[in-house]
Every structure is written in structure tokens, then in C-alpha cells.
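Some notes on the structure that comes next.
The structure presented is a predicted model; accordingly, all values stated were derived computationally and were not measured.
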Amino acid sequence: MRLAKMEELGEAVELYPYRYDRTHNSAEARAGEAGLVAAETVVRYPGRIMAKRGTGKTMFVPIQDEWGTLQAYFRKDELGAERFHLVQKLIDIGDWIGVEGTLFRTRTDELTIKVSDFTFLAKAIQPLPEKFHEMSLENKSRRRHLDLAMNLASRERFKRRSAIISDIRAFFAEEEFLEVETPVLQPLYGGATARPFTTHHNALDMTLYLRIADELYLKRLIVGGLERVYEIAKDFRNEGMDRTHNPEFTMLECYAAYWDYHDMMDLTENMLRRLAVRFGDEGKLTYGEHEMDFNQPFRRVRFMDALAGKVGQDLMQTDTAALKELARKHHIEVKPGMGRDKILDEFFSVLVEPELIQHTFVMDHPKELSPLAKAHRKTEGLVERFELFVAGFEVANSFSELNDPREQRRRFVAQKALMDAGDDEAQPIDEDFLAAMEQGMPPTGGMGLGIDRLVMLLVDTANIRDVLLFTHMRPEQ
RNA sequence: GGGCCACUAGCUCAUCAGGUAGAGCAUCUCCCUUUUAAGGAGGUUGUGCUGGGUUCGAGUCCCGGGUGGCCUACCA
């Protein structure tokens, strides 16, 4: 048993020492091989023991650090019987160790450190998982530390996510947006249609909600005179979870004074093209079986036009009764209480969305679906809004922000009516936000983008769990 | 929410007609001074998810429960 060996090992070495002076990591040692070998430089390299291959008086031990693996070669005649015994018998796979020695190539041409001395760094009591088979998705998600330890591809994916988010921050800095932080705990939720998580503040004895969006706070900043703001933050929605949904997820929202949704569309297009160039293949992306070329201008299509193309007739003037009749014909489910625009949305998600593989901006949505968007400047009944679809799912959502407080109040009241009618995703009236808007809000363009889905797209993975380090799962047992 | 499938050693899995369980890796003992899924000899490892039923006998068949996966639906 490992605990028994630990005691014996503990008599010879410090089991949990405090620090280690590294001269090279595995990537640096590989890159500098020629010089290091020629000069017989002594390197000090720490990492985790991933395997042990012994031949009695020698040991080959692959040691893994964040960047990869470097093999260490221990010899009994070099280290002495006692020290060699430690490596051979008492040190286990999973333990952390620092080795010191010179680099050479073995007979089989593997870059190796010939160990002149070593420092024990930390003991592992539990063994690492078996190495020949992929861990199950459940095990990977539930025990991410093991997934990261065993799968370099998984590490790479998460490092890539980090790099993508850093690059988005750099992009917004170049565009002169200010990064801000707004409350997670909110007395009222809003900015999206979704059910919230509820919590309680003891000192104030009041109900608080975990935010479902940052929108209403970011717009207050626009009112306050900060002209370009953005936030990358977790939102929380109390809804189902599946391949593309997690109850907490990372959202990017940005707002710019004096812009409309056309400006936001350009910004979104520029940002995605830049990411595709930096993280894809020169602007081309492969997602599953699909190929997309972000160098090409993004397709732009009006919501009602896309729908007309599918249904074979313009639905702009079609009344609700006729729509319901059409829905039956297309096997589209209409639930009681669904308004005309909601039915149109249903048509859209069933008929159009699945076919939006290539990056496409869908523009000018029906009004009822967008309580925070400004009415279309030309077409009655529509709003100035766009959604970006890629590979069949929605990545971004944007509008010319409604800034007329009288109209905003009417929309809130309409939402309230929906809520009273039993729609538990409708938004409550936010008087505080309305008061801010009444102080005068400049014309503003706003955009929200799901970071997790964007990362899925850029690293070509079908499951949101692959891009979230820790996902929500039921507790075991 | 609906359908299908799975749950057996620490890990990945097997046990094809019901007769109280096995392989590889891990672990333990021994041999081996250039191995790389190292090798060789030997040993240990299980409330077979859970509760009930059928049966002389259940991991195996039946029913309930739990957990997970896939598909589907719902969800700015």
C-alpha cells in the first residue's frame, strides 16, 4: 500500500518540500537541445512521473510538465544503491519529482536526461487512471484534474480557450472599449428572456437573482457617459442543460454610444474574422463536417425573407389565424398563448436555423421577441436586430438599443402582461433602469456573444463540456 | 420531458444457454545496466449501482428505484 511506502520514503526525503529551482521546462529543453547537449549543460527539470520502465539497475521514467514529457534515465552506479532504491521501489507513478542532469539521445533516439541527482517534490496517494483508453466524458468532466493530467489535447484545448478570450480583450482594447464589471447578484433580473436562479441576502433580508444578462447595467453606464463598454462574465439561467447549454456560461456583451446595429454587425464580423485567422487555418474553420471561410463577407439575410424563402410566401401580412393553419401544414407546434411573432420565431427555428451552417447574420426580427430593441426605422412591426448563426447555432445577438423611455416602458408593461399570463421567461419591469433611461440615453448599438459556443466553434468540439473546465453535474451517489 | 443504451477489480472491459467472476493496466514479491503500451516468473484485488421477484440456484431472467451516455424536444 502506498501509505506504508510513504513512511519509508519519508525517512529518506522530504515528502512535501516547499520549492524547486527549474532551469528548463520540457519545451525549452527540446528547443535548446543542440546547445545543451554540446555544452553538457546540467538542467534541472521538474514534473510528474507518468510511467516507470526498469531493467534492474536502470530506470527510464517519463516526467511530464505542462508542455509535454521528457524522459529521465536513472542508473544505479550513478546514484548509489540507496538513492536508486528510492526511485525503483518507493517512488510511484503520479508522484512529482525534479531531476538534475545532462541531456542525451538514447539508442532509440529519445531525448533523455541522464540523472545525476533528483529532488522528491510531492507524493501521490491515489494512482493515475489507466493509460491505454480514453476516459469517459463523465469522468473527464467530473475529475478534470485527471483529464488534464492524462490528456495533453485537453490541456491544449483549455489553453486555447484562454488565448481566445485574451485576444478578444485585446481586440476590444484596440477598438477603445472599456472593460467593466457589473453585479452578479441583482435585485431584479433582465436583459434576456430566461428563468433566473434565486438566492437570498440575509443582512438585507431580500431576494436576489443571479444575473441572466449584463445588459441593463451596461446601458446605465452608457447613460452615465462611458461611450464604449464591454464585459466578459458569467450569466446564469435556470434551464435545461445539454450539449450547447450549461446553467452558468460565459457571455460577452458590448455597447457603443452613437452606433446602430449596422456598426455592431461590422464590429462582430471583424472580431470573428480576426479570431478565425488567429485560431483557425488562415480564416478558415472546420467544425465537424462543415467548412467555413471567414475571409468571405458574412451573409446577411432578413428574418422575414429567410422565412419567406422556406415557406414559399411572404408572411409579413399573414394574420395569426392563417399562420396557425400554415404551422399545422409544416408540423410546427403552436402552444396556447403564443402570439403571432412567437409563432414566426417557431417557424424560424424549425425551418431556417438548422440550415444556417455558413456564418450568417439574420436581421430585422419581429418586435414582440425583442423587448429591448429599437423599432426598425423603415418597416413597421420589426426591430433593428441581428443574430449571428454559425454551424446551426446562435453565436451572437445584437440590436440598435431602444433608448426612448416611453417606448421602453410600454415594452416592459407588455412583458409584464406575458408574465402575468404565465410566461415564466418574460422580463419584470425594471423601474430603476427606466429611471436611468429617462435621464437621456444616446443612440447605442449593443451586442452579446456566447463565449463558450464561440470557443466550441474555434476548437471544433460538439459538447460544451469540452470547453468548460468544470460543468454542473449531479453529485455522485 | 420522450426514446434507446449502459452500470462487473483503482482504470478500461469480458463472462455468447441462469451453476456463487476473469483479462490488460495499476498494485505487491522476484529476475534483468538504453527502455518507451519494456519484458519474464509469481501473488493480491470484487456488498457484480440499489431494492424486490421468479428459481434448487441470479452478475445473467422480470419489476421498481438511482446514476450516466446518446438521440429527440424545450430554452435570446
Distance check, [atom1] atoms only: [N] and [M], in whole angstrom units.
N	M	atom1	answer
B/rC11	B/rG46	C1'	14 Å
B/rA38	B/rU20	P	36 Å
B/rC16	B/rG22	P	13 Å
B/rC75	B/rC5	C1'	26 Å
B/rA6	B/rA17	P	15 Å
B/rG19	B/rC7	C1'	24 Å
B/rG68	B/rC30	C1'	42 Å
B/rU33	B/rA14	C1'	39 Å

[N] pairs with which nucleotide, Watson-Crick or G-U wobble, both distances below 3.5 Å?
N	result
B/rG42	B/rC28
B/rA6	B/rU67
B/rU54	none
B/rU34	none
B/rG22	B/rC13
B/rG1	B/rU72

Cut-off 3.5 Å, side chains only: do [X] and [Y] have a donor facing an acceptor?
X	Y	result
A/Thr182	A/Glu231	yes
A/Thr58	A/Arg75	no
A/Arg410	A/Gln415	no

Sidechain N-carboxylate O distance under 4.0 Å for [X], [Y]:
X	Y	result
A/Glu215	A/Lys219	yes
A/Arg155	A/Asp147	no
A/Glu384	A/Arg377	yes
A/Arg300	A/Glu269	yes

Is the terminal nitrogen or CZ of A/Arg220 (NZ for Lys, CZ for Arg) located under 6.0 angstrom from the six-membered ring centre of A/Phe433 and within 45° of that ring's axis?
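Output no; distance or angle outside limits.
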
Scan nucleotides 71-76 of chain B nucleotide by nucleotide, 5' to 3', and note B when protein non-hydrogen atoms come under 4.0 Å of the base, S if they reach only the sugar-phosphate, - if neither.
S-BBBB

For atom [atom1] of [X] and atom [atom2] of [N], their distance in whole Å:
X	N	atom1	atom2	value
A/Lys76	B/rC32	NZ	C1'	11 Å
A/Lys52	B/rA38	NZ	P	13 Å
A/Asn463	B/rG68	CG	P	14 Å
A/Gln71	B/rA37	CD	C1'	14 Å
A/Gln88	B/rA38	CD	C1'	14 Å
A/His145	B/rG10	NE2	P	16 Å
A/Lys57	B/rU35	NZ	C1'	16 Å
A/Leu146	B/rG10	CG	P	15 Å

Base of B/rU35 paired with side chain of A/Thr106 (donor-acceptor, under 3.5 Å):
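Such a pair is found, so the answer is yes.
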
Tell me whether the side-chain N/O atoms of A/Lys89 come closer than 4.0 Å to OP1 or OP2 in B/rC30.
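A/Lys89 to B/rC30 OP1/OP2: side-chain N or O found under 4.0 Å.
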
Contact under 4.0 Å: A/Arg53 side-chain N or O vs B/rU35 OP1/OP2:
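For B/rU35, OP1/OP2 do not have a side-chain N/O of A/Arg53 under 4.0 Å.
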
If the test is side-chain contact (heavy atoms from CB on, under 4.5 Å), which one of A/Met456, A/Glu248, A/Arg144, A/Arg161 qualifies with A/Leu468?
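It is A/Arg161; the other options fail the test.
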
Would you indicate what A/Phe389 reaches in the nucleic acid, counting non-hydrogen atoms under 4.0 angstrom: base, sugar-phosphate, or nothing?
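If one applies the 4.0 Å heavy-atom cut-off, A/Phe389 turns out to touch nothing in the nucleic acid.
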
A/Pro371 versus A/Phe412: any side-chain heavy-atom pair under 4.5 Å?
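A side-chain contact under 4.5 Å is absent here.
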
Grab the N/O contacts between the protein and nucleotides 44-46 of chain B below 3.5 Å, and write none if there aren't any.
none

With A/Lys374 as reference, evaluate A/Asn403, A/Asp404, A/Asp260 under the side-chain hydrogen bond (donor to acceptor under 3.5 Å, both in side chains) test and give the passing residue.
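Considering A/Asn403, A/Asp404, A/Asp260, a side-chain hydrogen bond (donor to acceptor under 3.5 Å, both in side chains) with A/Lys374 is found only for A/Asn403.
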
Can you tell me which nucleotide in B/rU35, B/rG68, B/rU34 comes closest to the side chain of A/Thr58?
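Minimum distance to the A/Thr58 side chain belongs to B/rU34.
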
